[in-house]
Amino acid sequence: MLQQALSVRELRGSSDDTTTRYELYDSDTGTPLGTFPSQAAAQDEMARLKASNRAALAPAEGREDPGTG
C-alpha cells in the first residue's frame with residue numbers, strides 16, 4: 001500500500017437517501033477499504049493504516065536491515 005494512494009472520498013446516497021458516507025479508498029489497487037459515517041472516522045482509519053504500515057516497514061530492533069547486507 002502506497003502512503004499517498006490512500007484517500008477519503010465522499011459518497012452521496014440516491015435522491016431518496018440524503019445520507020452522506022465517506023469511503024477510504026486505495027487508488028493504487030482500486031480497492032475501497034471501508035465506508036464510514038463521518039469524514040473524521042475515515043481519516044482516523046487512514047491514519048491508523050498508515051501508522052501500521054510504517055511500523056511494519058521499520059527495521060526490527062536488534063535485527064539488521066536486509067536491504068543493507
Side-chain angles (χ1 to χ4, degrees):
M1 161 181 47
L2 297 173
Q3 297 282 339
Q4 62 273 22
L6 295 179
S7 62
V8 175
R9 303 191 309 183
E10 186 175 322
L11 302 175
R12 297 194 181 249
S14 65
S15 59
D16 297 340
D17 180 11
T18 59
T19 305
T20 300
R21 293 182 238 5
Y22 297 87
E23 176 182 70
L24 183 55
Y25 182 75
D26 182 348
S27 62
D28 182 45
T29 62
T31 306
L33 301 175
T35 305
F36 302 88
S38 71
Q39 187 172 16
Q43 289 175 332
D44 287 346
E45 179 65 9
M46 181 168 52
R48 188 186 71 74
L49 287 173
K50 286 183 177 184
S52 174
N53 192 44
R54 280 192 299 271
L57 295 175
E61 189 173 319
R63 204 171 54 176
E64 190 176 310
D65 183 357
T68 62

| Applying the 4.5 Å side-chain criterion to the ILVMFWY set and letting contacts propagate, would Y25 and L33 be lumped into a single cluster? | no
| query | Does a side-chain N-to-carboxylate-O contact under 4.0 Å join R12 and E10? | reply | yes
| message | Just verifying a value: how many Å separate S7 OG and L24 CG, rounded to the nearest 0.5 Å? | response | 7.5 Å
| query | Out of curiosity, does Y22 fall in the hydrophobic cluster containing M46 (side-chain heavy atoms, cut-off under 4.5 Å, transitive links)? | reply | yes
| task | Examine distances only and state if a side-chain atom of S27 and a backbone atom of A5 form a donor-acceptor pair shorter than 3.5 Å. | result | yes
| Rounded to the nearest 0.5 Å, what separation is found between the CG atom of D28 and the CG atom of L6? | 9.0 Å
